[in-house]
Amino acid sequence: MKDAFGLPQSLLVLGGTSEIALATARRLIARRTRTVWLAGRPSPALDAAAGELRGLGAEVRTVAFDALDPDSHEAALGKVFAEGDIDLVLLAFGILGDQAHDEREPAGAVRVAQTNYTGAVSAGLVSARALQAQGHGSLVVLSSVAGERARRANFIYGSSKAGLDAFAQGLGDALHGTGVHVMVVRPGFVRSRMTAGLDEAPLATTPEAVAAAVELGLRRRSETVWVPGALRVVMSALRHLPRGVFRRLPV
């Protein structure tokens with residue numbers, strides 16, 4: 001069960017090698033979390049992540065999970081919940097894709113959509129049902145400010161995150177009053193492996209800053225978290241710009 005501050009004692013990470021997820025796990029282990037499940041494709045990176053978290057004092061187990069195989073989600077996640085209650089599910093998987101390439105080769109765009117949206121819908125619903133069955137828990141969904149308004153430079157990725165964001169908000173409404181809390185996290189540009197080599201956007205942040213915002217959001221039982229917080233105002237302005245003006249911005 002969660003402690004008096006709303007922080008989890010048990011954590012399931014969907015996307016077990018995500019830098020943001022691992023920064024969040026490290027932060028939560030330093031507070032109260034003692035049991036961690038890392039769900040992801042079996043790999044040396046997943047094993048290394050588990051080893052690192054064990055070194056911090058947590059009991060860590062891994063489970064094979066593939067976002068692109070929704071038919072397997074019920075069994076994979078059911079295995080985790082069968083071992084005991086989970087206080088927090090962190091949905092952290094996703095891919096950026098290559099906009100220029102994926103416009104020319106639609107199969108790449110489909111992979112982005114299937115990973116970021118279709119896979120997340122499946123895993124999110126399976127996790128939500130399990131949390132509801134146990135009567136408590138939080139589902140934290142890593143969205144993105146890219147989903148607030150599609151930009152020419154990354155509209156394939158942005159559209160997938162827009163769909164995910166809308167799904168997570170609706171799921172939160174559906175679960176209101178059940179004991180299950182859904183929190184949507186909208187980071188801006190995060191300095192990570194996924195963005196390595198890209199031009200850094202204004203108000204760039206780090207996995208550690210996102211992790212701190214997740215912790216604070218859990219304590220407050222927030223429904224939406226922006227990282228950094230100033231992006232809430234920035235995106236509110238951009239969202240309401242006339243399309244002709246927005247199209248001419250260097251974004």
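Values below: all heavy atoms of this structure, side chains included; hydrogens, waters and symmetry mates excluded. Along the sequence shown, residues are numbered consecutively beginning with 1.
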Compare every heavy atom of Val63 with every heavy atom of Lys79, then report the nearest pair and how far apart it is.
CD-CG2, 4.2 Å
Are Val80 and Val36 grouped together when hydrophobic residues (ILVMFWY) are joined by side-chain heavy atoms under 4.5 angstrom apart?
no
Would you confirm whether Thr178, through its side chain, and Val180, through its main-chain N or O, come within 3.5 Å as a donor-acceptor pair?
yes
In this structure, would Val89 and Val225 fall into the same cluster of hydrophobic residues linked by side-chain contacts under 4.5 Å?
no
What closest approach, in Å, do Gly16 and Leu22 show between heavy atoms, and which atom pair accounts for it?
O-CD2, 3.6 Å
Gap between atom CD of Glu19 and atom OG1 of Thr206 - 0.5 Å precision
10.5 Å
Less than 4.5 Å apart, side chain to side chain, heavy atoms only: is that true for Arg186 and Val227?
no
Report yes if some heavy atom in the side chain of Val190 is under 4.5 Å from a heavy atom in the side chain of Pro207; otherwise report no.
yes
Show the numbers, then the answer: is there a side-chain contact (heavy atoms from CB on, under 4.5 Å) between Leu11 and Thr24?
CA-CA 10 Å; Leu11 166 66; Thr24 303; 5.7 Å; no
Taking all atoms of both residues into account, what is the closest heavy-atom pair of Ala123 and Leu14, and its distance?
CB-CD1, 3.9 Å
Just verifying a value: how many Å separate Ile95 CD1 and Thr115 OG1, rounded to the nearest 0.5 Å?
4.0 Å
If you compare all heavy atoms of Pro187 against all heavy atoms of Ser143, which two are closest, and at what distance to 0.1 Å?
CD-O, 3.3 Å
Given side chains that start at C-beta, do those of Trp37 and Thr62 come closer than 4.5 Å, heavy atoms only?
no
Go through it in stages, so that I can follow the logic: the residues are Glu74 and Arg129, the test is salt bridge (charged side-chain N to carboxylate O under 4.0 Å, His left out), and I'd like the CA-CA distance, side-chain angles, deciding distance and then a yes or no.
CA-CA 10 Å; Glu74 192 88 43; Arg129 187 168 65 248; 2.4 Å; yes
Mark yes when over 12 heavy atoms from residues, nucleotides or ligands other than Glu223 sit less than 6.0 Å from its CD; otherwise mark no.
no
At their closest point, which heavy atom of Asp102 faces which heavy atom of Gly108, and how far apart are they?
OD1-CA, 3.5 Å
Is there a donor-acceptor pair closer than 3.5 Å between any side-chain N or O of Arg221 and the backbone N or O of Gly217?
no
Out of curiosity, Leu175 CG to Leu139 CG, how far, rounded to the nearest 0.5 Å?
8.0 Å
Side-chain donor-acceptor pair under 3.5 Å between Gln169 and Asp173, yes or no?
no
Within the 4.5 Å heavy-atom criterion, are Val233 and Trp226 side-chain neighbours or not?
no
Which heavy atom of Asn116 sits nearest to which heavy atom of Gly94, and what is that distance?
OD1-CA, 3.1 Å
Determine, step by step, whether Glu83 and Arg61 satisfy the salt bridge (charged side-chain N to carboxylate O under 4.0 Å, His left out) criterion, reporting the C-alpha distance in whole Å, the side-chain angles of both residues, the deciding distance to 0.1 Å, and the verdict.
CA-CA 11 Å; Glu83 294 291 327; Arg61 300 173 67 177; 3.4 Å; yes
Quick one, Leu53 and Val60 - any side-chain contact, counting heavy atoms below 4.5 Å?
yes
Report the residues that fulfil side chain to side chain contact (heavy atoms under 4.5 Å, CB included) with Glu52, sequence neighbours left out, ordered by chain and then residue number.
Arg26
Does Gln134 use its side chain to pair, donor to acceptor, with the backbone of His136 at less than 3.5 Å?
yes
Should Leu46 and Leu38 count as side-chain neighbours, where that means a heavy-atom distance under 4.5 Å?
yes
Below 4.5 Å, heavy atoms only, C-beta onward: do Leu218 and Met183 meet side chain to side chain?
yes
To the nearest 0.5 Å, what is the distance between CD (Gln114) and CG (Asp69)?
11.0 Å
Phe65, Leu131: one ILVMFWY side-chain cluster at the under-4.5 Å cut-off?
yes
Please verify the inter-ring angle class for Phe167 with Tyr117; under 30° counts as parallel, over 60° as perpendicular, anything in between as tilted.
perpendicular
Measure from the side-chain N and O atoms of Asn154 to the backbone N and O of Tyr157, and report whether any donor-acceptor pair falls under 3.5 Å.
no
Are the side chain of Asp87 and the backbone N or O of Ser10 linked by a donor-acceptor pair below 3.5 Å?
yes
Keeping Ser144 on the side-chain end and Gly147 on the backbone end, is there a donor-acceptor pair under 3.5 Å?
no
Pair Arg152 + Glu103: basic N to acidic O under 4.0 Å
yes
Could you work out, with side chain to side chain contact (heavy atoms under 4.5 Å, CB included) as the rule, every residue matching Ala92, not counting sequence neighbours?
Ser18, Ala21, Leu90, Leu142
Under 3.5 Å, is there a donor-acceptor pair between the side chain of Thr33 and the main chain of Pro8?
yes
Could you grab the distance from atom CZ of Arg41 to atom CG of Asp66, nearest 0.5 Å is fine?
4.0 Å
Do Val112 and Phe93 belong together in a cluster built from hydrophobic side chains that touch within less than 4.5 Å?
no
Would you say that Arg219 contacts Leu7 through its side chain, given a criterion of any heavy-atom pair below 4.5 Å between the two side chains?
yes
Steps toward salt bridge (charged side-chain N to carboxylate O under 4.0 Å, His left out) verdict (Arg31, Glu215):
CA-CA 10 Å; Arg31 305 299 188 266; Glu215 179 190 347; 3.2 Å; yes
Measure the CG-CZ distance between Asp98 and Arg111 for me, rounded to the nearest 0.5 Å.
12.0 Å
Is it possible for you to say whether Val210 and Val140 belong to one hydrophobic cluster, with membership spreading through side-chain heavy-atom contacts below 4.5 Å?
yes
Closer than 4.0 angstrom, basic N to acidic O: yes or no for Glu148 and Lys161?
no
